[in-house]
Q: 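Let me give you the structure first, and then I'll get to my questions.
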Amino acid sequence: MEMSDEMPTRAVADYLQAIFAIASEGRAVIGARVAEWLGVTPPTVVGMIHRLARDGLVEMNERKEISLTPKGEGLAAVMLRRHMLAERLLAEVIGLEWHKVHHEAHSFEHAISAEVEQKLTALLGEPTTCPHGNPIPGTAGAYAPPGVLSPLSEVREGERVVIDRISEEAELDQRALEYMERNRLMPGQELVVQEVAPYAGTISVWNGDEKVTVGLRIAAKIRVRAASLPAGHRQSS
């Protein structure tokens, strides 16, 4: 299918991608959550949502929950796909550190044309996930259905799990990503939960022969599957 280069402004694209990502996590999209995601004030979100609704990109129900229209979802998917391809390029071709690629990709994803997107996809071997394990829209990658993945923060002591992906919300926190990279808390890594300490706000895991302690706030954004499931286990819902 031929892709258009008539893309939204950067501000509009940021909102569409945020709404798309929050919804993909199975969470209700409300103004306060979008504001937190983008680091802006709630009044700013209200103004932009009205603009997006006027342009036929979003809708809002009686509970003030926001959803993308087919047009809005299509634009969000294109921009997110180009962002993730840019991440792959930075990580695999340029060799940029894993924790830096999200921030850097955001700087030039808007400059990627439809033609460049197609060539990047071929160059990178038609990847289905970003370097953080999240599915690339429009590919064979898909978010696992409920019950397959769990936040690391909810895994019980003694259980063996494999990191499947890092939530897209966590990608906004470069310091958290740096900590994950330094301690090899990355997709494909097998862990054994050693101790869960809610009173201390931490969870400790064995990562190989190294013990790593993670704050529950960060652990909640690390999605894991049981180690008995095959690598790359993804089903469409």
Side-chain angles (χ1 to χ4, degrees), residues 14-30 32-39 66 68 73 76-77 79-81 83-88 91 97-106 109 127-137 139 141-155 159 161-191 193 196 201-203 205 207 212-226 229 231-237:
D14 288 347
Y15 273 82
L16 295 180
Q17 289 182 71
I19 295 167
F20 187 101
I22 294 169
S24 295
E25 294 282 349
R27 303 164 71 189
V29 184
I30 56 176
R33 192 159 282 158
V34 175
E36 181 182 4
W37 188 284
L38 295 175
I66 305 160
L68 296 170
E73 184 172 356
M79 294 309 304
L80 192 56
R81 183 164 61 248
H83 172 88
M84 291 179 167
L85 289 171
E87 287 183 324
R88 280 281 184 184
E97 294 96 321
W98 181 81
H99 72 273
K100 294 181 180 179
V101 296
H102 174 80
H103 176 74
E104 292 295 335
H106 189 66
E109 66 191 51
T128 59
T129 67
C130 77
H132 308 98
N134 291 301
I136 297 176
T139 71
Y143 282 92
V148 173
L149 302 183
S150 302
L152 177 60
S153 57
E154 297 180 6
V155 178
E159 291 190 353
V161 296
V162 176
I163 296 176
D164 188 88
R165 63 184 182 86
I166 309 301
S167 78
E168 292 180 49
E169 184 177 10
E171 294 186 45
L172 303 174
D173 188 342
Q174 191 167 331
R175 291 182 62 186
L177 290 179
E178 184 177 7
Y179 181 84
M180 293 179 202
E181 183 173 19
R182 186 165 65 247
N183 290 282
R184 297 181 297 117
L185 298 173
M186 301 162 70
Q189 198 68 27
E190 186 171 307
L191 311 172
V193 177
V196 181
T202 61
I203 181 171
V205 300
N207 190 348
V212 179
T213 298
V214 187
L216 291 175
R217 183 184 66 83
I218 294 178
K221 299 174 183 178
I222 299 174
R223 302 289 189 265
V224 300
R225 54 181 167 79
L229 290 175
H233 179 81
R234 296 187 183 277
Q235 303 174 32
S236 57
S237 52

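Quick note: numbers below take in every heavy atom, side chains included, and nothing from hydrogens, waters or symmetry partners.
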Q: Check whether any side-chain heavy atom of Val212 lies under 4.5 Å from a side-chain heavy atom of Tyr179, and answer yes or no.
A: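 They are in side-chain contact.
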
Q: Indicate every side-chain donor-acceptor pair of residues 217-224 with a distance under 3.5 Å to a residue at least two apart or in another chain.
A:
residue, atom, partner, partner atom, Å
Arg223, NH1, Ala220, O, 2.5
Arg223, NH2, Glu25, OE1, 3.0

Q: Which value, rounded to the nearest 0.5 Å, describes the distance between His99 atom NE2 and Leu177 atom CG?
A: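 CG of Leu177 is found 8.0 Å from NE2 of His99.
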
Q: Please report the C-alpha distance between Leu152 and Leu191 in whole Å, then the side-chain angles of each, then the deciding distance to 0.1 Å, and finally whether the side-chain contact (heavy atoms from CB on, under 4.5 Å) criterion is met.
A: CA-CA 10 Å; Leu152 177 60; Leu191 311 172; 4.2 Å; yes

Q: side-chain contact (heavy atoms from CB on, under 4.5 Å) with Ala76: which residues, sequence neighbours excluded?
A: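 So Ala76 forms a side-chain contact (heavy atoms from CB on, under 4.5 Å) with Leu16, Phe20, Leu68.
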
Q: Could you tell me which residues satisfy salt bridge (Lys or Arg N to Asp or Glu O under 4.0 Å) with Arg88, sequence neighbours excluded, listed by chain and number?
A: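 Arg88: salt bridge (Lys or Arg N to Asp or Glu O under 4.0 Å) contacts with Glu92.
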
Q: At what distance, to the nearest 0.5 angstrom, does CG of Asn134 lie from OG1 of Thr128?
A: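 These two atoms lie 11.0 Å from each other.
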
Q: Pair Ile166, Met180 - check side-chain contact (heavy atoms from CB on, under 4.5 Å), show working.
A: CA-CA 10 Å; Ile166 309 301; Met180 293 179 202; 3.9 Å; yes

Q: Residues two or more places apart in sequence or in another chain: which of them pass side chain to side chain donor-acceptor pair (under 3.5 Å) with Glu168?
A: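 For Glu168, the residues satisfying side chain to side chain donor-acceptor pair (under 3.5 Å) (neighbours in sequence not counted) are Tyr143.
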
Q: Dump the intermediate steps for side-chain contact (heavy atoms from CB on, under 4.5 Å) on Glu73 and Ile19, then the final yes or no.
A: CA-CA 9 Å; Glu73 184 172 356; Ile19 295 167; over 6 Å; no

Q: Could you pull out all residues at least two apart from Gln189 that satisfy side chain to side chain donor-acceptor pair (under 3.5 Å)?
A: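 Side chain to side chain donor-acceptor pair (under 3.5 Å) check on Gln189 returns Asn207.
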
Q: How far apart are the closest heavy atoms of Val101 and Glu87, and which atoms are they?
A: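 Minimum heavy-atom contact is O-CG, 3.8 Å.
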
Q: Trp98: which residues meet the ring pair (Phe, Tyr, Trp, His ring centres under 6.0 Å) condition with it, sequence neighbours left out?
A: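 Checked Trp98 against ring pair (Phe, Tyr, Trp, His ring centres under 6.0 Å); matches are His132.
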
Q: With sequence neighbours left out, what residues match Leu38 under side-chain contact (heavy atoms from CB on, under 4.5 Å)?
A: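 Leu38 satisfies side-chain contact (heavy atoms from CB on, under 4.5 Å) with Asp14, Tyr15, Ala18, Val34, Val40 once adjacent residues are dropped.
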
Q: To the nearest 0.5 Å, what is the distance between CG on Leu85 and CD1 on Ile136?
A: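 The distance works out to 5.0 Å.
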
Q: Run the side chain to side chain donor-acceptor pair (under 3.5 Å) test against Glu190 and tell me which residues pass, sequence neighbours left out.
A: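 With sequence neighbours excluded, Glu190 shows a side chain to side chain donor-acceptor pair (under 3.5 Å) to Arg160, given in chain and number order.
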
Q: In Å, rounded to the nearest 0.5 Å, how long is the span from CD of Glu171 to CZ of Arg165?
A: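 Here the rounded value is 9.5 Å.
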
Q: Just wondering, are more than 12 heavy atoms of other shown residues or ligands nearer than 6.0 Å to CZ in Arg175?
A: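 Not more than 12 within 6.0 Å, no.
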
Q: Apply salt bridge (Lys or Arg N to Asp or Glu O under 4.0 Å) to Glu178 and list each qualifying residue two or more places apart in sequence or on a separate chain.
A: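 Expected list: none.
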
Q: So Met84 and Glu109, do their side chains get closer than 4.5 Å, heavy atoms only?
A: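 The answer is no; the side chains never approach within 4.5 Å.
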
Q: Drop me the distance from His102's NE2 to His106's NE2, to the nearest 0.5 angstrom.
A: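 His102 atom NE2 to His106 atom NE2 measures 7.0 Å (nearest 0.5 Å).
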
Q: Mind checking what makes salt bridge (Lys or Arg N to Asp or Glu O under 4.0 Å) contact with Glu181, not counting sequence neighbours?
A: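 Partners of Glu181 by the salt bridge (Lys or Arg N to Asp or Glu O under 4.0 Å) criterion come out as none, since no residue qualifies.
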
Q: Could you list the residues that satisfy side chain to side chain donor-acceptor pair (under 3.5 Å) with Glu104, not counting sequence neighbours?
A: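 Partners of Glu104 by the side chain to side chain donor-acceptor pair (under 3.5 Å) criterion come out as none, since no residue qualifies.
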
Q: Run the salt bridge (Lys or Arg N to Asp or Glu O under 4.0 Å) test against Glu169 and tell me which residues pass, sequence neighbours left out.
A: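 Glu169 satisfies salt bridge (Lys or Arg N to Asp or Glu O under 4.0 Å) with Arg27 only.
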
Q: State, to 0.1 Å, how close Gly133 and Pro187 come at their nearest heavy-atom pair, and which atoms those are.
A: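 Nearest heavy atoms, Gly133 then Pro187: N-CG, 3.9 Å.
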
